[in-house]
Amino acid sequence: MIQKRVIATLSVVAAAGLLLAGCANPSGGGGTSGGGGSDKVDIPTIDSVDVPKDAVLPAGDGKAECASSLTIGYVGAETGANAALGINIYNGVQLAIDQHNKANPKCQVQFQKYDTEGDPAKATGPTTQAASNKAIVGVIGLPFSGESKATGQIFEDQGLVHITPSATNPTLTQNGWKTFFRALGNDSIQGPAAADFITTKLKAKKVFLVQDDSDYGVGLANATKPKLGSSLAGSDKVTTGQKDFSATVSKVINSKADAVYYAGYYAEGAPFDQQLVQKGFKGTFVGPDGVKDDQFIKQAGSASKNAYFTCPCIPGELIPDFEKAYNTAFNAEPGTYSIEGYDSATILLAGIDKGNTDRAKLLDWVKNYDADGLSKHYKWDSTGELQAPAVYGYKVADGKIEPIGTIGK
Amino acid sequence: MLDLVLQAVPMDDSWINFDVQSFIQGFWSNTFGGLTYGAVYGLIALGYTLVYGVLNLINFAHSEVFISGVYAVVFTLTGLGFNGDTPNLPLPALIGDLLLALLAGMAASAIVAFIVERAAYRTLRKRNPPRLVYLITAIGVSFTIQGLFFLWRGAQPEPSVILIPTVQVFDVFGGIVYNYEIVILVAAIVTMVVVDQFIRRSRIGRGIRAVAQDPDTATLMGVNRERIIVITFIIGGLVAGVGAIFWIMLVPQGAQYNGGFVLGVKAFAAAVLGGIGNVRGALLGGLLIGLIGNYGQTLLGAAEWSDVVAFVVLVVVLVVRPTGLLGQSMGRSRA
């Protein structure tokens, strides 16, 4: 009996509380808080990109011959909080391999995935597994900067070529690794481009910079800060897995910033943006490639309307042939880094078709590669950096992420 | 001399610096934010405290009892048409929907707490194993439930659900107080008072205190120990369910398979800080952990400091008062 009474009392109490919430509603708040006196800038979306005419495609000439055990590996997140980016990538790789195998009946390349959960602490196990599998001649990965830093030496020791389609920390190419290649621009290009985009195109006068504790977030924030110069209104650091951003939000509001640049991933970026808007932030939220994912919109809800993104990635959804094939294969639009995953796999497949069927030869092939992919031209310098990368801007429009063209110089 | 020592130690200025200006500027908004999150920590802490008081068991599975409630709240609201947009409903309908979600959250958490007690702890109790076995079982149950949620819902959090329109209610020295902050704080205090009074005044409450004080004598006096234990778990679950809806009010995308873990650690720390086994201590500890974390983060300039400062304070308090701020009162309370 008494249990029932407790439950009843608790319910009544909670009801009273909720009633209070409701009562406070219609009165309407002053809207005194929040930064942002600046005029809202509207940047139109684009609906096409230039596709190189002579882009190398996975199908090749259809006459390739190779041993049936040859395998391309993917090492990266399949699960974990930021898995969506990993899924975009290996779907792109899968598509390239499927197209290759369909066109080349005498060369059936296998595909094997190793899950790191995107966690540097867990990445060495799966990487070692992949590296010691002798059938694997080349790897796509690892997607994130922290895990790439933790595992680069393993690839180096095994002489196994790996192309990261998404890790952007600038220091990754400063380790003397000969097997590491990056299929996109790094954060010392993205950071300044973002700073330039926020202050000139978005016309923000005061920018608040927030970084997470990952190698990626720290590196990107360090690359962005100098270019912001006097526009920098303040900065703060958050941690991976954080959900309560009230202290950071109050710093942002007090700084009267009209834009926030969040150097980190969407798992924290989404709740952070949502809590900013909940506390009356009226400015723009700008996130890098780690935040640019549909999961950001799902998790931030209607707060995501204030969001722009910077990304050294090409909008694969605007390349018609790729978009169509991807959509047919996976019943989804290509996501961030799908096209980079596809192009990277294409480079390895083209090498295999040309008879580079062991690790040493394939490494040599990638090192000397100089041709167009669907998204851009691929030619690396001696450290494994791409020679002419581009940074794109994106924004949230009608609940979707839409490209707005190249930013920076 | 001190100067020399400081110079001898390589000081990276980004490592530690006291940002007094931000601290003063953000003092009031940090206070309100800290109290709000702290209130939710307090509600979760209550479950740890009650079970510890009665069984001397740290129920690590309580964070999963809580997250079950969070999922129930989110599913109920999603089913009622809530989503990432601010709901646009007439007031009575809104309150009705939220009450329904609240009840769903309370029911789900209470049921999971009941199942955990029946399946794991009661079967163990019959064999009377050493206390370490309970602890390991608790951790195992926690991981098991997390794993089940992972297999069922995957790694991504559920899409966000916004519960109420945010309204600025008033302004204290530049710190703005929002409607949801008042709701959460008031509801947490009221819930805590109800539970406290229930344990102090009701017959079952007396039973709970008797078992906490001396299980054997209580049994001899005609208290049904097994029944009291189950009821304790259920009350902890019900209150965790109340915490669940307010957690979603604060963090609309908070329903994630491992989302209870960090919260559980903080809530447990709150329970210890207030005095484990002490109902009022749970709320006090929760509020303090919320406040200290926010102050520490702003003063020292990075979120990593939030936990560092909170736990340093916890250790210091325990050195001075090993039983927590309010002491472990449940077992020694007046009959």
Side-chain angles (χ1 to χ4, degrees), chain A residues 2-3 5-7 9-11 13-33 79-81 83-84 213 234 236-239 241-251 253-254 267 270-271 274-275 278-280 295 297-304, chain B residues 22 25-26 29-30 33-34 36-37 83-86 91 94-95 98-99 102-103 106 155-157 159-160 162 164-169 171 176 178-180 182-183 186-187 190-191 194 198 202-204 231 234-235 238 242 250-254 256 259 262 294 297-298 301-304 306:
Chain A
I2 295 176
Q3 296 159 30
R5 216 180 295 161
V6 178
I7 298 171
T9 327
L10 278 177
S11 318
V13 163
L18 293 168
L19 196 70
L20 195 82
C23 289
N25 284 342
S27 58
T32 48
S33 86
T79 61
D213 55 1
D236 204 6
K237 297 169 185 170
V238 302
T239 60
Q242 195 176 337
K243 298 277 184 205
D244 163 10
F245 294 96
S246 55
T248 307
V249 168
S250 81
K251 270 176 99 169
I253 304 268
N254 282 326
Q274 183 265 325
Q275 289 176 33
Q278 187 177 31
K279 287 250 167 138
Q295 275 293 333
I297 298 179
K298 276 196 195 135
Q299 292 175 32
S302 61
S304 65
Chain B
S22 294
Q25 258 190 354
S29 44
N30 275 338
T36 318
Y37 282 89
N83 54 31
D85 281 315
T86 309
L91 194 56
L94 183 66
I95 291 173
L98 293 187
L99 268 184
L102 173 72
L103 290 177
M106 289 168 74
Q156 300 297 341
S160 66
I162 308 282
I164 55 169
T166 310
V167 177
Q168 305 175 0
V169 183
D171 190 317
I176 293 149
Y178 291 87
N179 55 342
Y180 66 93
I182 300 177
V183 172
V186 169
V190 172
T191 310
V194 170
F198 175 74
S202 73
R203 207 177 121 86
I204 288 179
I231 291 172
I234 289 179
I235 296 176
L238 290 173
V242 177
L250 286 172
V251 183
Q253 55 291 101
Q256 192 176 11
V262 176
N294 263 7
Q297 180 183 342
T298 315
E304 282 94 343
S306 163

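Computed from a predicted structure; not experimentally measured. Each chain gets a letter, A, B and so on, in the order its sequence line appears, and its residues count up from 1.
Of the atoms belonging to Ala267(A), not a single heavy atom falls under 4.5 Å from chain B. Neither the backbone nor the side chain of Ser304(A) comes within contact range of chain B; no heavy atom of the residue lies under 4.5 Å from a heavy atom of that chain. With a 4.5 angstrom heavy-atom cutoff, Gln299(A) touches chain B via backbone and side-chain atoms both. For a residue to count as touching a neighbouring chain, one of its non-hydrogen atoms must lie under 4.5 Å from one of that chain's; by this rule Asn83(B) does not touch chain A. Only the side chain of Ile162(B) comes within contact range of chain A, with at least one heavy atom under 4.5 Å from a heavy atom of that chain.
Defined by atom type and a distance below 3.5 Å, a donor-acceptor pair is present between the side-chain atoms of Asn294(B) and Ser246(A). In this structure, a donor-acceptor pair under 3.5 Å is absent between the side chains of Gln25(B) and Ser250(A).
The candidate with the highest count of non-hydrogen atom pairs below 4.5 Å against chain B, out of Val249(A), Thr239(A), Thr79(A), is Thr239(A). Interface remark: of the candidates Gly33(B), Gly84(B), Gly259(B), Gly84(B) forms the most heavy-atom pairs closer than 4.5 Å to chain A. Contact count versus chain B (heavy atoms, under 4.5 Å) is highest, among Val238(A), Asp244(A), Thr248(A), for Asp244(A).
Asp236(A) is listed as a side-chain neighbour of Gln297(B), based on a closest heavy-atom distance under 4.5 Å. Gln274(A) is listed as a side-chain neighbour of Pro252(B), based on a closest heavy-atom distance under 4.5 Å. Within the 4.5 Å cutoff, the side chain of Ser29(B) has heavy atoms near those of the Asn254(A) side chain.
The minimum heavy-atom distance between Lys251(A) and Gly301(B), with the atom names listed, is NZ-CA, 4.2 Å. Of all the heavy atoms in Ala155(B) and Gly80(A), the pair that sits closest is CB-O, 3.2 Å.
Rounding to the nearest 0.5 Å gives a distance of 3.5 Å between OH of Tyr180(B) and CD of Gln278(A).
The side chain to side chain donor-acceptor pair (under 3.5 Å) check on Gln275(A) picks up Tyr37(B), with sequence neighbours excluded. For Lys243(A), the side chain to side chain donor-acceptor pair (under 3.5 Å) partners at least two apart in sequence or on another chain are Gln256(B).
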